[in-house]
Amino acid sequence: MQYDVVVIGSGPGGYVAAIRSAQLGKKVAIIEKYKVLGGTCLNVGCIPSKALLDSSEHFYNAAHHFAEHGIEIAAPVANLSTMIGRKNGVVEKMNAGINFLMKKNKITVFNGLGSFVDKNTIKIVKNDGSEESITTQQVIIATGSKPTILPFMNYDKKRIITSTEALNLPEIPKHLIVIGAGVIGAELGSVYARLGAKVTFVEFADSMIPTMDKTMGKELQKSVKKLGTDFFFNTKVTKIENSGEEVTVFADGADGKPVEIKGDYCLVCIGRRAYVDGLNLEAVGVATDRGKVVVDEHTLETNVKGIYAIGDVVRGAMLAHKAEEEGVFVAEVMAGQKPHINYNLIPGVVYTWPEVASVGATEEELKTKGVAYKAGSFPFKALGRATASGDTDGLVKVLADKTTDEILGVHIIGARAADMIAEAVTAMEFRASAEDIARISHAHPTYMEALKEAALAATDNRAIHS
Ligand code: FAD
Ligand code: NAD
């Protein structure tokens, strides 16, 4: 065999699995159908969306918050093409970083579409049309996901778009209609609302980010509403049409009445589907379930010995850090080790402002399961640090077992929630109680004090500052 391990797909799952396999002494190749490495996350996902979120946030603060801090400037002008150019530069820097890591770890990179010939042979159709086959002992499928889009949505990539096009628009929309108020809708809707677009959300469920703790969706809606956005909840889209420069969304509204919304762009973000197109899984008989590759829970091996799968293409949260954990896990399993992933403690973050971050069970899940719990909340507006900066929207909610006081879930909406959640994940990984967090000294004044106060509130309602 030419290689010990061949990884198909170079997203955060694939490239991390390749590096860890190389660290464990394996001869590794990685195949990527695009010209650049890094997958969805680096090229059209996590990193470019955060670059635009950061630029639009600077713009919004300059336009709306600088004056209250005593900074007087002329009304700022948003230059979208400069923002997109900067975003592209950020992505290119990180692409170069992954190339460097591949070289450093002596991983062979093939650019082309990888497909199975048999379980030990992978054909690569390169970008110039030429073909090459390589042989390997083991394979990791890390081919990720693509946006879900339904035929009646008439996706044309120009006016009716997915997140991929939304990261490269030629202009700031006048009226952006966002179908799906989930994670992508909240983030990219925020980008364009901050830059001055009118944004209307059309959501099937009854709140924003409906899979997270309900309080988070309610609070986020209040903050996003301040950007001048509109919402249609319990509304099912039935058709989207583009007539040149105008887009019309037809839907069945909450009260059963038909809804018709007109805008100049429509962003469809209703979830993503596992991507296995072109892999020729049939040649080896790898099983799938509703499009996702089926894996053994303890090993991430598919039903075919020696073929493993990780990341968005398998069950579970479609998150970069989940894919990365699985990348390390699978490499270690393949090397004969016995690693572990605690799927219950994979945090979820929405990079709006304020940010939303969550780990563990939601209040709704605890109620459904009949778990006896205590809840403690603390609002950011009662926090010295938040008042000083002017970021007073949001709260921290700690959920703990009623009898043992073990922390079961932490949900934060507020400034820097994305970073704050790490303390909760660490505490829960060590099975801390709410009392443990409440007794730990937290520097003053910091946002993290809100977690301590919420933990105090969860233990005998003894928060100090509320
Ligand atoms: P991917 O990153 O999708 O990579 C798969 C790669 O495989 C792709 O490069 C693809 O071209 C390649 N490939 C597919 N088939 C073949 C083949 N046959 N041969 C060769 N190559 C192939 N997650 C977060 O945790 N935080 C965030 O902030 C975040 N933001 C996001 C923002 C947006 C707009 C989007 C769309 C997603 C975001 N995500 C975020 C989700 C995150 O991008 C994914 O969970 C993550 O990229 C999954 O990693 P992966 O390695 O499984 O697959
Ligand atoms: P999502 O599942 O977060 O949200 C989709 C939303 O669309 C849901 O609220 C759903 O109720 C709604 N919906 C579904 N069908 C609909 C319809 N026909 N009409 C109206 N609404 C409808 O999915 P997404 O926002 O597309 O993101 C896809 C994936 O990418 C997510 O799984 C997420 O984990 C990942 N992602 C993560 C981040 C992050 O970690 N910050 C950012 C972006 C994307």
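Values below: all heavy atoms of this structure, side chains included; hydrogens, waters and symmetry mates excluded. Quantities reported herein were computed from a predicted structural model and do not represent experimental measurements. The residues of the chain are indexed from 1 along the displayed sequence. We count ligands from 1, going down the list as the structure has it; atoms in each ligand are counted the same way.
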Heavy-atom nearest neighbour in the protein, as seen from atom 28 (O) of ligand 1, with distance rounded to 0.1 Å: K50 NZ, 2.6 Å
Does the cation-pi check pass for K236 over F204, that is, NZ or CZ under 6.0 Å from the six-membered ring centre and within 45° of its axis? no
Return the closest protein heavy atom for atom 29 (C) of ligand 1 as residue, atom name and distance. C46 SG, 3.3 Å
So is there a nitrogen or oxygen of L150 less than 3.5 Å from a nitrogen or oxygen in ligand 2? no
Shortest protein contact, atom 26 (O) of ligand 2 (heavy atom only): G271 N, 2.8 Å
Main chain of A22, side chain of N105: is a donor-acceptor contact present, judged purely on distance under 3.5 Å? no
Electrostatic pair E171:R159 at N-O distance under 4.0 angstrom: yes
Ligand 2 versus I179: contacting region, heavy-atom distance under 4.0 Å: side chain
Is the shortest side-chain N to carboxylate O distance from E165 to K158 below 4.0 Å? no
Answer yes or no for V313: is there a heavy-atom contact with ligand 1 below 4.0 Å? no
N or O contact, D277 vs ligand 1, cut-off under 3.5 Å: no
Under a heavy-atom criterion of less than 4.0 Å, does V44 contact ligand 1? yes
With atom 5 (C) of ligand 1 as the reference point, say which of G39, S10, G327, A142 has the nearest heavy atom. A142
Does a donor on one side chain sit under 3.5 Å from an acceptor on the other, for N242 and D156? yes
Return the closest protein heavy atom for atom 7 (O) of ligand 1 as residue, atom name and distance. G9 CA, 3.2 Å
With a 4.0 Å cut-off on heavy atoms, does S145 reach ligand 1? yes
Ligand-residue contact atoms, ligand 1 with H321, heavy atoms, under 4.0 Å: 25 (O)
Numbered atoms and elements of ligand 2 in range of V202, under 4.0 angstrom, heavy atoms: 20 (C), 21 (N)
Could you tell me whether some N/O pair between E187 and ligand 2 is separated by less than 3.5 angstrom? yes
Atom 37 (C) of ligand 2: of L188, V183, T211, the nearest heavy atom sits on V183
E187-ligand 1 polar pair, N/O distance under 3.5 Å: no
Closer than 4.0 angstrom, basic N to acidic O: yes or no for K239 and E241? yes
Going by the closest heavy atom to atom 9 (O) of ligand 1, which one wins out of K322, E32, K33, K146? E32
Would you mind finding which of L113, V16, V36 brings a heavy atom closest to atom 17 (C) of ligand 1? L113
Applying salt bridge (charged side-chain N to carboxylate O under 4.0 Å, His left out) to R385 and not counting sequence neighbours gives none
Shortest protein heavy-atom distance from atom 16 (C) of ligand 2, along with the residue and atom involved: I270 CG2, 3.5 Å
I'd like to know if E324 and K322 make a salt bridge, using a cut-off of under 4.0 Å between side-chain N and carboxylate O. no
Can you check which of L319, I124, I47, T40 brings a heavy atom nearest to atom 3 (O) of ligand 1? T40
In this structure, does ligand 1 have an atom that sits under 4.0 Å from one of the heavy atoms of S49? yes
Check whether the side chains of H175 and T200 place a donor and an acceptor atom closer than 3.5 Å, and report yes or no. yes
Check against salt bridge (charged side-chain N to carboxylate O under 4.0 Å, His left out), K26 and E332: CA-CA 11 Å; K26 301 283 177 77; E332 293 178 353; over 6 Å; no
For the pair K174 and E245, find out whether any cationic side-chain nitrogen is under 4.0 Å from an anionic carboxylate oxygen. no
For ligand 1, is any non-hydrogen atom under 4.0 Å from I8's backbone (N, CA, C, O), its side chain (CB onward), both, or neither? side chain
Looking at atom 43 (C) of ligand 2, what's its closest protein heavy atom, distance included? I184 CG1, 3.3 Å
Atom 16 (C) of ligand 1 - nearest protein heavy atom and its distance: T143 CG2, 3.6 Å
Taking only heavy atoms of R272 into account, list the atoms of ligand 2 that are under 4.0 Å away from them. 28 (C), 29 (C), 30 (O)
Are side-chain N/O atoms of K87 and N168 paired as donor and acceptor at under 3.5 Å? yes
Short side-chain donor-acceptor distance under 3.5 Å, K123 and S115: no
Starting from atom 32 (C) of ligand 1, what is the nearest protein heavy atom, named by residue and atom, and what distance separates them? G45 C, 3.3 Å
Tell me the protein heavy atom at minimum distance from atom 53 (O) of ligand 1, and give that distance in Å. G144 CA, 3.1 Å
Side chains of K397 and S377: donor-acceptor distance under 3.5 Å anywhere? no
If I apply the N/O under 3.5 Å rule, does P210 come out as touching ligand 2? no
V349 N/O to ligand 2 N/O under 3.5 Å: yes
Which ligand 2 atoms, with their elements, are less than 4.0 angstrom from a heavy-atom of G180? 6 (C), 7 (O), 12 (C), 21 (N)
G112 near ligand 1, heavy-atom distance under 4.0 Å? yes
Would you indicate which of R272, E324, M318 comes nearest to atom 41 (C) of ligand 1 when only heavy atoms are counted? M318
Residues D206, K214: salt bridge by 4.0 Å N-O rule: yes
Atom 52 (O) of ligand 1 sits nearest the protein heavy atom D312 N, 2.9 Å
In the protein, what heavy atom is nearest to atom 19 (N) of ligand 1, and what distance, to one decimal place, separates them? G114 N, 2.9 Å
Ion pair check, E131 and K126, cut-off under 4.0 Å: no
Between M153 and ligand 2, is there a nitrogen or oxygen pair with a distance under 3.5 Å? no
Ligand 2 and L319, any nitrogen or oxygen pair closer than 3.5 angstrom? no
Among G182, A418, G316, S145, closest by any non-hydrogen atom to atom 1 (P) of ligand 2: G182
Mind checking whether E203 has an N or O less than 3.5 Å away from an N or O of ligand 2? yes
Does NZ or CZ of K146 fall inside the cone over Y275's six-membered ring, less than 6.0 Å from its centre and within 45° of the axis? yes
Nearest protein heavy atom with distance in Å, relative to atom 20 (C) of ligand 2: F204 N, 3.4 Å
From the options G38, A320, C41, select the one whose nearest heavy atom is closest to atom 43 (O) of ligand 1. C41
Should you measure from each heavy atom of G13, which atoms of ligand 1 turn up under 4.0 Å away? 51 (O)
